[in-house]
Amino acid sequence: MSCRSLKGLEKSMDGFHLTKLTDSQFLKFSELVYEKTGIFLKPEKKELLNARLGKRLRACGINDFKNYYNFVMGDASGEELIHLIDSVSTNFTNFFREKAHFDFLKANVLPGYIKGARGKKQISVWSAACSSGEEPYTLGMVLGDFFSRYQDWNFSILATDISTRVLSHGERGVYSLDRVAGIPENQLRLFFQKGTGKSSGQVKVKDSLRGLVTFRRFNLMDVFPWKESFDIIFCRNVMIYFNRETQQELISKFYGSLVPGGHLFIGHSESISGIKHGFKQIASTTYQK
């Protein structure tokens, strides 16, 4: 059920007046967001939440946060909860963001798998919290280039995010030219197609790269359905939105999802010091099981 199906709540934008989010309402929304996503909204985020959710309320024709909260809680389909999460999620990323990680991956991690291969010639990579696709597509370019010299090896990339909005963007694979400015020219020509006419100023990921990535909606707070499945996990600039308890839980789940010797990359602004884990740090914000 969409919010547009609510009889009596759909209004025209003319004369629409939206009430402000109160402290008690902010607390209820922040508790709901934390319960469902692990994202901890500090009190100073109240105005940000007021602005972001306000857009959703206007789209629904609901002018009161209390009514909107009740609608979210009463929506058995869960669709409006997804819209709420989309509204509060921060999704900033770019191609080759924190480039040192990709350089280390190519120079150290991947050669290590080649040298240590004992029958297995398959690398499984998970881009957790992939946002609008820039990270997994960067991984596709890096792994594709590296394994072009090892034709008997295969790799797979799983890209997940809690936001259906950014996942849709990633699956489309269409980006403005300024978003791909940091991609080397040879890779830009190889993996992207320039738009013309109405699509001028945009590029689209070619099928050769798009086919390397599987996009799926997944909430990191859910039980992980896989055990010791991945060789490499990228989860960067996500834990900064979690409290220590949630960080501990997530790191433990990542550890259990990596094969022995597997690697975890986190954001350069993040740290797992003070968290109980079995990882060995091998580079800046890079860890091995």
Side-chain angles (χ1 to χ4, degrees), residues 31-40 78-79 81-82 84-86 88-91 93 98 101 105 109-110 113 120 122-140 143 154-168 170-171 212-267 270-282 285-289:
E31 288 175 346
L32 178 62
V33 169
Y34 177 71
E35 176 191 348
K36 299 298 183 182
T37 70
I39 297 173
F40 179 64
E79 291 181 11
L81 177 62
I82 293 174
L84 187 155
I85 293 170
D86 280 353
V88 302
S89 300
T90 300
N91 297 288
T93 187
E98 298 182 353
H101 279 155
L105 176 67
V109 174
L110 296 178
Y113 285 120
K120 176 189 174 184
Q122 168 74 32
I123 296 292
S124 181
V125 184
W126 179 18
S127 171
C130 67
S131 189
S132 46
E134 287 89 338
E135 179 178 273
Y137 285 136
T138 300
L139 286 167
L143 270 67
N154 296 304
F155 64 89
S156 62
I157 301 171
L158 173 66
T160 70
D161 202 279
I162 195 172
S163 169
T164 54
R165 173 174 51 85
V166 295
L167 281 174
S168 178
E171 288 184 306
L212 300 177
V213 181
T214 299
F215 288 93
R216 182 192 304 174
R217 184 179 185 272
F218 184 71
N219 186 345
L220 293 175
M221 296 301 101
D222 290 344
V223 175
F224 285 12
W226 36 73
K227 301 294 182 185
E228 296 191 348
S229 297
F230 297 101
D231 299 282
I232 299 165
I233 297 176
F234 271 63
C235 185
R236 306 185 303 164
N237 306 299
V238 176
M239 291 191 297
I240 53 175
Y241 301 105
F242 299 154
N243 62 19
R244 201 49 134 186
E245 180 184 358
T246 304
Q247 291 173 356
Q248 176 70 71
E249 178 185 355
L250 189 59
I251 289 298
S252 296
K253 291 197 290 188
F254 281 145
Y255 189 87
S257 298
L258 282 166
V259 300
H263 294 79
L264 172 67
F265 292 79
I266 64 174
E270 298 172 316
S271 170
I272 61 173
S273 62
I275 293 177
K276 295 179 182 179
H277 61 83
F279 286 106
K280 174 179 68 174
Q281 185 169 3
I282 58 173
T285 58
T286 304
Y287 301 85
Q288 186 173 24
K289 179 173 177 177

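Just so it is clear, the structure is predicted and the values come from calculations on it, not from any experiment.
Within the structure, every pair that satisfies the salt bridge (charged side-chain N to carboxylate O under 4.0 Å, His left out) test and touches residues 222-233, not counting sequence neighbours, is listed here: Lys120-Asp231, Glu228-Lys289. Residue pairs meeting the salt bridge (charged side-chain N to carboxylate O under 4.0 Å, His left out) criterion with at least one partner in residues 244-260, sequence neighbours excluded, are Glu249-Lys253. Residue pairs that meet the salt bridge (charged side-chain N to carboxylate O under 4.0 Å, His left out) test with at least one member in residues 126-140, sequence neighbours left out, are Glu134-Arg179, Glu135-Arg236.
Interatomic distance, Ile157 CD1 to Phe215 CZ, rounded to the nearest 0.5 Å: 9.5 Å. With rounding to the nearest 0.5 angstrom, the CD1 atom of Ile162 is 10.0 Å from the CG atom of Leu167. Here the CD-CG distance, from Glu98 to Asn237, works out to 4.5 Å after rounding to the nearest 0.5 Å. Going from atom CD of Gln281 over to atom OG of Ser273 covers 9.0 Å, rounded to the nearest 0.5 Å. To the nearest 0.5 angstrom, Asp161 atom CG is 10.0 Å from Asn219 atom CG. Here the straight-line distance linking atom CZ of Phe234 with atom NE2 of His263 works out to 10.5 Å at 0.5 Å rounding.
Residues passing the side chain to side chain donor-acceptor pair (under 3.5 Å) test with Tyr287, sequence neighbours excluded: none. For Gln248, the side-chain contact (heavy atoms from CB on, under 4.5 Å) test picks out Ser252, Ile275, Lys276, with sequence neighbours left out. Considering only residues two or more places apart in sequence or on other chains, Ser156 meets the side-chain contact (heavy atoms from CB on, under 4.5 Å) condition with Gln122, Ser124. The side chain to side chain donor-acceptor pair (under 3.5 Å) search around Ser229 returns none, not counting sequence neighbours. Listed by chain and number, the residues in a ring pair (Phe, Tyr, Trp, His ring centres under 6.0 Å) with His101 are Phe265, His268 (sequence neighbours excluded). Every residue meeting the side-chain contact (heavy atoms from CB on, under 4.5 Å) condition with Leu212, not counting sequence neighbours, appears here in chain and number order: Phe155, Leu209. Among residues two or more places apart in sequence or in another chain, the side-chain contact (heavy atoms from CB on, under 4.5 Å) test is passed with Thr246 by Tyr34, Met221, Phe242, Asn243. Partners of Thr214 under the side chain to side chain donor-acceptor pair (under 3.5 Å) rule, at least two apart in sequence or in another chain, do not exist in this structure.
Nearest heavy atoms, Ile251 versus Leu264: CD1-CD2, 4.0 Å. Closest non-hydrogen pair, Tyr113 versus Gly261, comes out as OH-O, 3.7 Å. Between Tyr255 and Gly278, the shortest heavy-atom distance links the atoms CE1-C, 3.5 Å. Closest non-hydrogen pair, Leu250 versus Cys235, comes out as CD2-SG, 4.5 Å. In this structure, Ile233 and Ser257 approach most closely via the heavy-atom pair CD1-CB, 4.3 Å. For the pair Ala128 and Leu220, the tightest heavy-atom approach, listed with the atom from each and the gap, is CB-CD2, 4.1 Å.
Within the 4.5 Å cutoff, no side-chain heavy atoms of Gln288 are placed close to those of Val109. The side-chain heavy atoms of Leu105 and Thr286, taken from C-beta on, include no pair separated by under 4.5 Å.
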Take Phe218 and Leu158 through the test side-chain contact (heavy atoms from CB on, under 4.5 Å) and record every step on the way to the result.
CA-CA 11 Å; Phe218 184 71; Leu158 173 66; over 6 Å; no
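Ring orientation note: the planes of His277 and Phe279 are tilted relative to one another, at an angle of 30° to 60°. Ring-plane geometry between Phe254 and Trp126 is classed as perpendicular, the angle between the planes exceeding 60 degrees on a 0 to 90 degree scale with a lower cut at 30.
When atom types are taken as modelled, the side chain of Glu270 and the backbone of Val238 share a donor-acceptor pair closer than 3.5 angstrom.
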